[in-house]
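Chain letters run A, B, ... following the sequence lines, proteins first, then strands; residues in each count from 1. Note that the structure is predicted; figures quoted are calculated from it, not measured.
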Amino acid sequence: MLDKTYAPQAIEDKHYRQWEEGGYFKPGARPDAKPFTIVIPPPNVTGSLHMGHALNNTLQDVLCRYKRMAGYDVLWQPGMDHAGIATQMVVERKLAERGEPDRRQMGREKFIERIWDWKAESGGAILNQLRRLGASCDWSRERFTMDDGLSEAVRHVFVELHRQGLIYKDQRLVNWDPALETAISDLEVQQTEQDGSLWSIRYPIEGAEGAYLTVATTRPETMLGDSGVAVHPEDERHRHLIGKHCILPLVGRRLPIVADEYADPEQGTGAVKMTPAHDFNDFEVGRRHDLEMINILTVDAKINENAPEAYRSLDRFEARKRILADLEAEGLLAGEEKIRHSVPYGDRGGVPIEPYLTEQWYVDAKTLAKEAIASVEQGRTKFVPENWTKTYYEWMYNIQPWCISRQLWWGHRIPAWCGPDGHIFVEMTEEAAQAAADAHYGKSVELTQDEDVLDTWFSSALWPFSTLGWPEETPTLARHYPTDVLVTGFDIIFFWVARMMMMGDHFMKEEPFHTVYVHALVRDEKGQKMSKSKGNVIDPLDLMEKFGADSVRFTLTALAAAGRDIKLSEDRVEGYRNFMTKLWNAARFCEMNECALDPSFDPAKAEQTVNRWILGELGRTRDAVTAALDAYRFNDAAGAVYQFLWHTFCDWYLEFAKPLFSGADEAAKAETRATAAFVLERTLRLMHPVAPFITAELWEFLKGADGAKGDPLILAAWPEEGAEALADADAAREMEWVVRLISAVRSVRAEMNVPAGAKVALAAVDMRAEAKGWLSRHEALIARLARIEAIDHAAEPPKGAAQLVLDEATLAIPLADVIDLSAERARLEKEIAKAEGEIAKIEKKLSNEGFLAKAPEAVVAENKERLADEQAQRDKLARALDRLAQAG
RNA sequence: GGGCGCGUAGCUCAGCGGGAGAGCACUGUGUUGACAUCGCAGGGGUCGCUGGUUCAAUCCCAGCCGCGCCCACCA
């Protein structure tokens with residue numbers, strides 16, 4: 001016997017263990033089946049499950065479980081990302097907390113060892129959290145971006161791209177994080193709006209006493225690195241100055257005044273100070289005019305020795321104050337305007353980013369992007385929803401060289417070695433590099449390996465094939481590459497998806513996946529991004545604790561409408577938890593009524609109208625869920641099952657089944673029991689991808705607790721029968737009529753406020769049907785309703801009974817003593833007016849020749865039917881009003 | 001500045017060329033055997049505004065008004 005209440009905690013662990021121990025998550029059981037493959041977006045090794053993960057992995061699991069049931073050989077490849085900066089920061093923080101030596105004191109080797117220790121101890125907690133969620137990954141294949149195989153893949157790719165000239169070293173401006181003391185890529189820079197000032201500074205013109213060019217800047221300290229001033233070539237105000245010089249205040253350097261279209265005559269004075277070593281635009285202008293690149297900052301953003309002594313070793317912001325004061329003192333500060341402007345920060349927070357001139361490794365992304373663009377243009381990879389395609393193109397067309405070196409310790413060390421004269425050898429191993437160097441120099445020399453590591457995303461870019469065994473030609477790689485669907489959030493389309501496309505195309509000659517399903521962000525109930533600092537984070541682990549994993553999964557699936565952010569609140573989850581309870585109780589009800597699966601049951605031969613009807617509805621639902629999942633319309637899939645189970649199966653079918661269960665017709669009873677069990681069983685299958693735990697539990701119960709229970713639900717086949725197979729048009733029509741009738745009766749009774757003592761319609765309709773063909777005879781039903789009304793009221797005979805006409809039947813219901821007649825009259829009048837409005841609308845339509853000529857026949861017929869219905873409705877209401885008048 | 005998207009019931013949102021929907025909230029009502037984590041009934045919407053296309057527009061197109069996100073720029 002099922003427990004009275006559904007307790008998720010009691011069953012979830014058990015089933016997950018069974019699945020994992022049963023090896024059901026592993027591919028290979030069906031070698032002749034088509035493979036279906038998803039690679040997980042690898043969570044950071046430092047990570048803990050947040051709502052984004054919960055959504056992302058729920059959707060992947062829904063797909064995997066669905067495909068598994070649909071007969072595919074499914075591999076969901078799991079693993080984790082080493083997350084360079086994030087992890088290094090975590091461990092550094094840990095060391096600081098414990099008062100241990102910091103990484104510099106400790107040294108590189110020791111520090112990296114500590115990170116590995118940390119990973120072994122507390123890394124990867126998120127994988128167990130994914131298990132808690134129900135993720136059906138093949139854990140035996142778990143990979144880590146820094147394990148041996150993947151590291152080999154990384155080196156391989158680096159060496160290969162370097163040989164092809166697609167990876168190179170270059171000296172140019174990078175985004176420099178002065179706190180972490182590393183370069184970061186454009187994507188890792190976040191612009192943050194801040195209050196600031198725009199200062200105007202006078203640069204004296206050489207040889208023209210008292211004449212100035214006024215320039216403006218938000219970063220006055222950069223003037224120490226100025227090596228020119230630009231004006232627009234057409235700008236009449238400054239044309240005479242082109243080729244002359246300014247004198248840089250406080251420094252005294254002569255600055256050439258150059259003509260460049262970059263200087264916008266409309267802005268400010270039209271003259272722009274040029275700091276080629278500390279500004280991206282100035283860098284370009286500087287290159288064009290061969291201006292000096294003067295780096296004035298140290299790696300931690302202090303003023304260096306290229307600046308006048310007075311400012312050296314000052315922090316950049318300290319220097320700013322000093323410079324402003326000095327300019328003021330010299331009368332060269334022309335003004336200060338308070339403005340709001342954006343300031344670049346690293347995406348890990350900290351201090352403002354500084355454009356900084358260094359030598360770094362770059363990937364020629366522009367070249368690699370060509371194939372990746374073609375893949376999408378030619379439809380070999382498509383985005384769902386489609387509009388992300390544009391975003392992808394936008395980025396790809398304007399792609400910049402990808403800076404891949406990082407001045408960190410945690411990551412893949414760059415496989416490049418430097419000879420004594422600076423010659424660089426890029427090889428898979430140190431031995432190979434040594435050999436190459438020896439050959440190059442004709443003697444054995446000492447090499448030093450490049451100190452830098454690679455951007456974390458470099459290894460992630462290889463994930464779809466490196467995890468499958470590449471560069472080795474493993475059977476798994478052959479079978480599961482390309483993968484099928486990538487499920488991800490839009491925030492990493494550039495970071496990750498685009499780069500996987502580039503690497504996949506380049507190294508595998510085939511796109512890594514045919515579909516990219518892009519889901520939205522999970523926000524809090526007010527639509528705010530969840531963040532720790534705002535304190536609005538909803539923890540999926542808490543939710544699962546409280547409501548069960550299935551409820552959380554169902555909620556996320558039901559809310560995952562394509563393209564729109566999900567606003568999550570606990571109420572939502574609670575609502576879907578109630579749905580789980582509903583399912584549980586439906587199963588209990590079936591159990592109590594001895595509904596068991598009957599192997600000989602043939603749905604096509606069902607005779608009872610209700611049974612034929614529910615089987616048709618089941619088929620429709622099956623088709624709807626299937627179509628929705630195939631189209632990645634997760635919310636529709638969840639919605640279809642929800643609607644069917646709750647509002648069709650429970651609210652209507654089981655109510656109709658009650659009289660049959662308690663009736664005397666044994667054949668009907670047996671058929672109904674078998675039907676109920678059959679429908680429940682199929683519903684469990686349809687729901688399993690979204691709510692695997694509760695369905696697995698009920699499945700076991702339905703199949704018989706012990707012994708011959710057969711395959712677990714996870715291996716069950718996706719229901720094949722569609723609407724055509726089970727649909728029964730007659731049954732559907734009859735049921736529709738009955739449902740409407742009953743609703744109408746209920747409505748009338750509610751409106752009339754019939755007192756509790758008069759127990760009537762619904763129970764009567766539900767319970768006391770004749771065994772056979774009862775629903776097909778509306779007339780009989782109505783008559784019976786009327787009779788029952790009479791009987792029920794007989795205990796307390798109606799006084800001054802008025803009659804309300806319902807359809808063609810007459811129900812004897814006492815009115816005057818139980819309702820407010822004028823209110824009832826008003827209601828009826830309102831309804832009549834509404835009906836007449838509808839009638840007028842439809843009549844107008846039907847008298848429109850264009851409509852009759854051009855609208856599809858079915859639409860015309862439908863409208864005629866509706867017209868008749870509305871007219872009948874109006875007449876009925878009118879008669880009711882009439883009777884009411886008599887009663888009054 | 002470029003791109004994407006959103007304005008539908010009190011709230012959160014589905015739907016998207018031919019009868020305005022769901023959940024929650026609200027009102028009324030109902031528990032002696034599936035379920036109060038529930039049932040039944042009900043109120044509530046000129047589907048942002050203005051034009052256009054169409055026999056027909058919440059849905060397609062254009063413009064406008066609000067709002068959001070991404071990218072770029074910001075001397």
Between [options], which one does the side chain of [X] approach most closely?
X	options	value
A:Leu198	B:rA75, B:rU37, B:rG15	B:rA75
A:Asn387	B:rG5, B:rC16, B:rA34	B:rG5
A:Phe494	B:rA34, B:rC16, B:rC70	B:rC70
A:Trp646	B:rG18, B:rA34, B:rG39	B:rG39
A:Glu838	B:rA34, B:rU37, B:rG19	B:rG19
A:Ala216	B:rA75, B:rC55, B:rG15	B:rA75
A:Met592	B:rA34, B:rG18, B:rC4	B:rA34
A:Asn578	B:rG2, B:rC38, B:rC35	B:rC38

Partner lookup for [N], please. Criteria are Watson-Crick or G-U wobble with both distances under 3.5 angstrom; report none if nothing qualifies.
N	value
B:rG23	B:rC11
B:rC60	B:rG52
B:rC16	none
B:rC40	B:rG28
B:rG1	B:rC71
B:rC47	none

In terms of the angle between their ring planes, are [X] and [Y] parallel, tilted or perpendicular, with boundaries placed at 30° and 60°?
X	Y	result
A:His519	A:Tyr517	tilted
A:Tyr392	A:Phe383	tilted
A:Tyr393	A:Tyr397	parallel

Please determine if a side-chain N or O atom of [X] lies less than 4.0 Å away from the OP1 or OP2 oxygen of [N].
X	N	result
A:Lys845	B:rG19	yes
A:His278	B:rA75	no
A:Tyr262	B:rC74	yes
A:Asn593	B:rA34	no
A:Lys582	B:rG39	yes
A:Arg866	B:rG19	yes
A:Lys658	B:rA34	yes

From [atom1] of [X] over to [atom2] of [N], roughly how many Å is that when rounded to an integer?
X	N	atom1	atom2	value
A:Glu193	B:rC73	CD	C1'	12 Å
A:Arg577	B:rU37	CZ	P	8 Å
A:Ile399	B:rC70	CD1	P	19 Å
A:Glu570	B:rC24	CD	P	16 Å
A:Glu337	B:rC74	CD	C1'	12 Å
A:Trp388	B:rG5	CH2	C1'	8 Å

Which is true for [X] with a 4.0 Å heavy-atom rule: it touches a base, it touches only sugar-phosphate, or it touches nothing?
X	result
A:Lys273	nothing
A:Asp264	base
A:Ala855	base
A:His232	nothing
A:Cys650	base
A:Gln191	base
A:Thr391	nothing

(request) Nearest-nucleotide wise, let me know which of A:Val272 and A:Asn848 is further upstream toward the 5' end of RNA chain B. (result) A:Asn848

(message) Can you see whether A:Thr275 engages A:Lys273 through a side-chain donor-acceptor pair at a distance of less than 3.5 angstrom?
(response) yes

(message) Suppose we call two aromatic rings close when their centres sit under 6.0 Å apart. Are A:Tyr642 and A:Phe579 close by that rule?
(response) yes

(message) salt bridge (charged side-chain N to carboxylate O under 4.0 Å, His left out), that's the test. Do A:Lys546 and A:Glu574 meet it? Break it down for me.
(response) CA-CA 9 Å; A:Lys546 206 162 166 188; A:Glu574 190 176 345; over 6 Å; no

(request) Spell out yes or no: do the side chain of A:Ser342 and the base of B:rC74 have one donor N/O and one acceptor N/O closer than 3.5 Å? (result) yes

